[in-house]
Each structure stands twice: as structure tokens, then as C-alpha cells.
Amino acid sequence: MWFRQDLRVKDNPALIKAAKQSKVLPVYIYDTSVPQNAVLGGASKWWLHHALVALQESLDGNLLVLSGDPQEILLSLCTQHNISSVHWNRMYEPWAIARDTAIKKALKASECDALSTNGSLLWEPMQVLKKDETPYKVFTPYYKNGCLNAPDPRYPQRKPPLSFMDDMDEVKGYQGVDSLALLPRVNWDLHMQEMWNVSEQGAQCKLEYFIKQAIEEYNDDRNVPSVAGTSQLSPYFHFGLISPNQAWYAVHDAFNGSRENKGVYVYLSELGWREFSYYLLFHFNDIQNRNFNTKFDNFPWVQDKEGLRAWQQGKTGVPIVDAGMRELYQTGYMHNRVRMIVASYLVKNLLIDWREGERWFWDCLLDADSASNSAGWQWVAGSGADASPYFRIFNPILQGEKFDKEGAYVKKYCPELSKLGKKFLHKPWEASEQELLSANIVLGKDYPKPIVDLKKSRVRALDAYKTIK
DNA sequence: TGCCTGTTAAC
DNA sequence: TTAACAGGC
């Protein structure tokens, strides 16, 4: 059993098949031959480390952890140990598909069977097509007509009874989780240790809590970054510590199959957006590097290293943007509403190519995921499938005032602003000298002056858009 | 899950 | 002065 982004023992279809067939040798291979843009970022590595430790425990210490080229490793394991078949759950990143296809071929050539299964999507991208057999490009018909009318997704399955291959310790090249050196050398992960229980049980706890406490208010509360109104399951989904099927059916079972509650409906449709991202990645495969809408290939992005740096460090002078970017850097996570705000700011107010934002998120997010990350950025930039129209430009002041009314979120991550009253918290540059003084703030010193004028940069963005219209 | 601007109407 | 609304980007 080759584990990849399915680091769980419950509802793991490939593991079930492997266990049914014979004794199992569970393997995780840290792939050292992935393309540059698929090398894991620091936050992802941290998550992976803990996820592997937890999986190791669930498998009673029988998980073989190696690093190197998966093809070489699998082939040599098969010959050395007389293994008759290799099982895995599919990945959908184009490079992973290419890799897995080659491995399948190589295994079969050396008389080892290779079997892949869908373990991470509710609906296989191949099986949801329009009547003309081409893929959907718009979310609503994809979800409503395509997915909801397709056969129901697999109901989650239990952990199978497992018996493992013997003489594990004898396996040549066994390295162990620590040898992958996934943890950071400096201690920037203290916050994360406290925030996340990185395990299958951790995922189930989050899910249960969310269904009991938050899902019915999800439609409103999910927009307020100071409230725990979202499921916070995204990092668990990425490495497969939970399957979408487990979430989908836990919600349906809790509400007797009804999707009438608005929060329930909207949450499930968010799982649908996750599916849609993978669907686009599968059918149009280069969405990580290329504009889905090729008009944007001529978009006049600006080269602005200083602006990019200020954005990355949370020093743009716009409180809600800075708070979000600091949350990301400190915790490996960012609230979804704030992700949209900071992304809109980078792409529209700073006019920086969405790929720069995509890269930064990839490095910093615990839930970094090619499909969701690319689709999300292209959605904001306006270049994606069924994207937000380019003229829809967030005003970060209004967004702050609307969704962080009391300023709790901004104050948490920009403590230097904590004495500033509500009136100017989201626009400190408009506060009078007096007001700033009594809040102990010198603009440009304690907190940055805005690096761009919001009105002017908005007009500049609209002008830029006209050039490719 | 957009925001701005101009118009109208009520006070 | 303000709210509500429509149209445009």
C-alpha cells in the first residue's frame, strides 16, 4: 500500500483493497523528484511530519517511511519482497498523473500489478461531463446538474482488518519519519502545535464540533474572521487525514439527508468547490501556471518587488490585509474571507501577477493544495473558470468594517493598532494626529503608511483591465 | 463572494 | 443629509 495524500486508515479505499488481497506493507515515500513548484513549503512539511507520525501510530509502527524516487523504491521493494501488487489512491496534479502512469507501466513490466482507486474526491472528474461529453466550466451547473445528479458518492468505510508483512525492520533503506527532516530548524511552529491536532482523530473532532456547533450558522459566521465559524478542515483534506466522503455523509447523516438549512447547503457546496478545483486541474491541467482565460496572458501585471515584500510581511498599511498576512505567516492558516481580501489587494490594488500570490500561499499554508490554491487565485484575479469578474474589486476598508466590526481580528494580529478606536481602525491614515497620538501610534514608524492609495489603485486596475477586454 | 457614482425622494 | 436604488465597470 503506497500512501500519498491519503494519510488515514478509515475510509481508505486503496488500503481496503490491499488488505482484502493479502498481507500489507504500508509505505510512504517522500518524493524527491517532484517538479520545482510541487516541492512542499515549510508549513506543509510541518503538517506532513505530524500526519506521518499519527499514521505510523494507527498502523502500529508498521509504516515504512522512505525518501527518494518512488519508481525505483517501489520496483526494488516489489522484487526484494516478492510483492504481487501495489495499491494507491489517485492524485490529480498533472505531474503526479504523469509520474503514476509511468510507475504503473514499470510495475506491470516487472510483473507486479498496480491498482489505483479514487480516495480523495466525491466524484471522479472523468464521470461528470456535459451532455456533449465535454467538461463543465461553470460551477453551478457542474455542481447541481453534474454532481448532484450523478450516482451518490461512496459511503465512508471502516478501517479494514490488517495483517502486515513480516520482517519490517529488515527492509533495506528504512528511514523513519524523523529522517525526512520535515520540521523547521527554528521554532516558528509553536503556535501550530497548540492549534492543530494533526491526526485522523483530530479531523473527526473538528468535523463533529463543526456539525454540532457551527454548521447551521455557517452561512453568516463563516465570513467573520474573529469567529470560529468555518470547519477548519482544509489541511486535513489536503493530506487526506479525512476524506470528503466522511464530511459529506457526516453532515447528511446529522440532518437526515436534508440540505434545507442554508448553512448545511452552503457548506456542502463548499465541498463542491473543492471538487470543482480538482475537476479543473484534471481537465484543463495547467491551471497552476497558465491563465484559464487566455485573454489574461496579455494582462499588464506590474513588477513590484517592494510591494510584494510588503504584502508578504503584512506591512501594506491596510490593517485587514496586514492582519491576514500575519495570521498566515504566524499560524500557517488564514480565514477564508481574509484570503479573498488579501488576494484582491495583491492582484488588483498592487496589480501583481496572481502567480506570485499563489506561490507565497503555497509556501506558507498548512493546507497548501495545488488544485484549490490555483483555482482560488484565478477566481480572484478574474482569469479563472467561472471567476469573479475583474471589476469586482474589494475595498479592504469596507470589508474590514463589515466583517471585522469590532476589530478583534485586526487587533489580534496588528497589536500596535489595539488602542485605536473603531472609527479609524481599518483606515488609520485618516485618523487625526490627536487620535493617533492618544493611541500611541506614529504612522510610518509603529505601523506603516499605506503603500498605495486605494482609490487610485482601483482606477489603475480598471484601466489595466480595459487593455485586455 | 463589490463598489462607486448619480439620481430621486423624504425630511 | 440620508437612504434606496440603478447602472456601469
Worksheet item: Looking at residues at least two apart in the chain, or sitting in another chain, which of them share a side-chain hydrogen bond (donor to acceptor under 3.5 Å, both in side chains) with A:Asp221?
Response: none

Return all side-chain donor-acceptor pairs below 3.5 angstrom for residues 344-352 of chain A, not counting sequence neighbours, or 'none' if the list is empty.
| residue | atom | partner | partner atom | Å |
| --- | --- | --- | --- | --- |
| A:Ser344 | OG | A:Phe394 | N | 3.3 |
| A:Lys348 | NZ | A:Val380 | O | 3.1 |
| A:Lys348 | NZ | A:Tyr390 | O | 3.3 |
| A:Lys348 | NZ | A:Arg392 | O | 3.1 |
| A:Asn349 | ND2 | A:Ser457 | OG | 2.9 |

Item to complete: Tell me yes or no: between the side chains of A:Asp367 and A:His238, is some donor less than 3.5 Å from an acceptor?
Response: no

Worksheet item: With A:Thr316, which residues qualify under side-chain hydrogen bond (donor to acceptor under 3.5 Å, both in side chains), at least two apart?
Response: A:Asp322

Show me, pair by pair, the donor-acceptor contacts under 3.5 angstrom made by side chains of residues 4-13 of chain A, not counting sequence neighbours?
| residue | atom | partner | partner atom | Å |
| --- | --- | --- | --- | --- |
| A:Arg4 | NE | A:Asn89 | O | 3.1 |
| A:Arg4 | NH1 | A:Asp100 | OD1 | 3.2 |
| A:Arg4 | NH1 | A:Asp100 | OD2 | 3.2 |
| A:Arg4 | NH2 | A:Asn89 | O | 3.1 |
| A:Arg4 | NH2 | A:Asp100 | OD2 | 2.7 |
| A:Asp6 | OD1 | A:Arg4 | N | 2.7 |
| A:Asp6 | OD2 | A:Asn89 | ND2 | 2.7 |
| A:Arg8 | NE | A:Lys10 | O | 3.1 |
| A:Arg8 | NE | A:Asp11 | O | 2.9 |
| A:Arg8 | NH1 | A:Gly240 | O | 2.9 |
| A:Arg8 | NH2 | A:Asp11 | O | 2.9 |
| A:Arg8 | NH2 | A:Gly119 | O | 2.7 |
| A:Asp11 | OD1 | A:Arg154 | NE | 3.0 |
| A:Asp11 | OD1 | A:Arg154 | NH2 | 3.3 |
| A:Asp11 | OD1 | A:Gln157 | N | 3.0 |
| A:Asp11 | OD2 | A:Arg154 | NH2 | 2.8 |
| A:Asp11 | OD2 | A:Ser243 | OG | 2.5 |
| A:Asn12 | OD1 | A:Ala14 | N | 3.3 |
| A:Asn12 | OD1 | A:Leu15 | N | 3.2 |
| A:Asn12 | OD1 | A:Asn89 | ND2 | 2.6 |
| A:Asn12 | ND2 | A:Asp6 | O | 3.1 |
| A:Asn12 | ND2 | A:Arg8 | O | 2.9 |

Discussion item. I need the residues from residues 265-280 of chain A with at least one non-hydrogen atom less than 4.0 Å from DNA chain B; give them sorted by number, or say none.
Written reply: A:Glu270

Discussion item. Using a 4.0 Å heavy-atom cut-off, does A:Phe403 contact any base of the nucleic acid, only the sugar-phosphate backbone, or nothing at all?
Written reply: sugar-phosphate

With 3.5 Å as the limit, what N/O pairs link the protein to nucleotides 3-7 of chain B?
| residue | atom | partner | partner atom | Å |
| --- | --- | --- | --- | --- |
| B:dC3 | OP1 | A:Asn395 | N | 3.0 |
| B:dC3 | OP1 | A:Gln399 | NE2 | 3.1 |
| B:dC4 | OP1 | A:Asn395 | ND2 | 2.9 |

Worksheet item: Can you list every pair that meets ring pair (Phe, Tyr, Trp, His ring centres under 6.0 Å) and has a residue in residues 421-454 of chain A, with sequence neighbours left out?
Response: none

I'd like a table of donor-acceptor pairs (distance under 3.5 Å, sequence neighbours excluded) in which one partner is a side-chain atom from residues 184-194 of chain A, with atom names and distances.
| residue | atom | partner | partner atom | Å |
| --- | --- | --- | --- | --- |
| A:Asp189 | OD2 | A:Trp46 | NE1 | 3.0 |

Discussion item. Under the rule for side chain to side chain contact (heavy atoms under 4.5 Å, CB included), what residues qualify as partners of A:Asn37, not counting sequence neighbours?
Written reply: A:Pro35, A:Gln288, A:Asn289

Worksheet entry | Length of the NZ-C1' vector between A:Lys348 and C:dC9, whole Å | 11 Å

Discussion item. Distance check needed: C:dC9 C1' versus A:Lys466 NZ, whole Å only.
Written reply: 8 Å

Worksheet entry | Spacing between A:Tyr465 atom OH and C:dC9 atom P, to the nearest angstrom | 11 Å

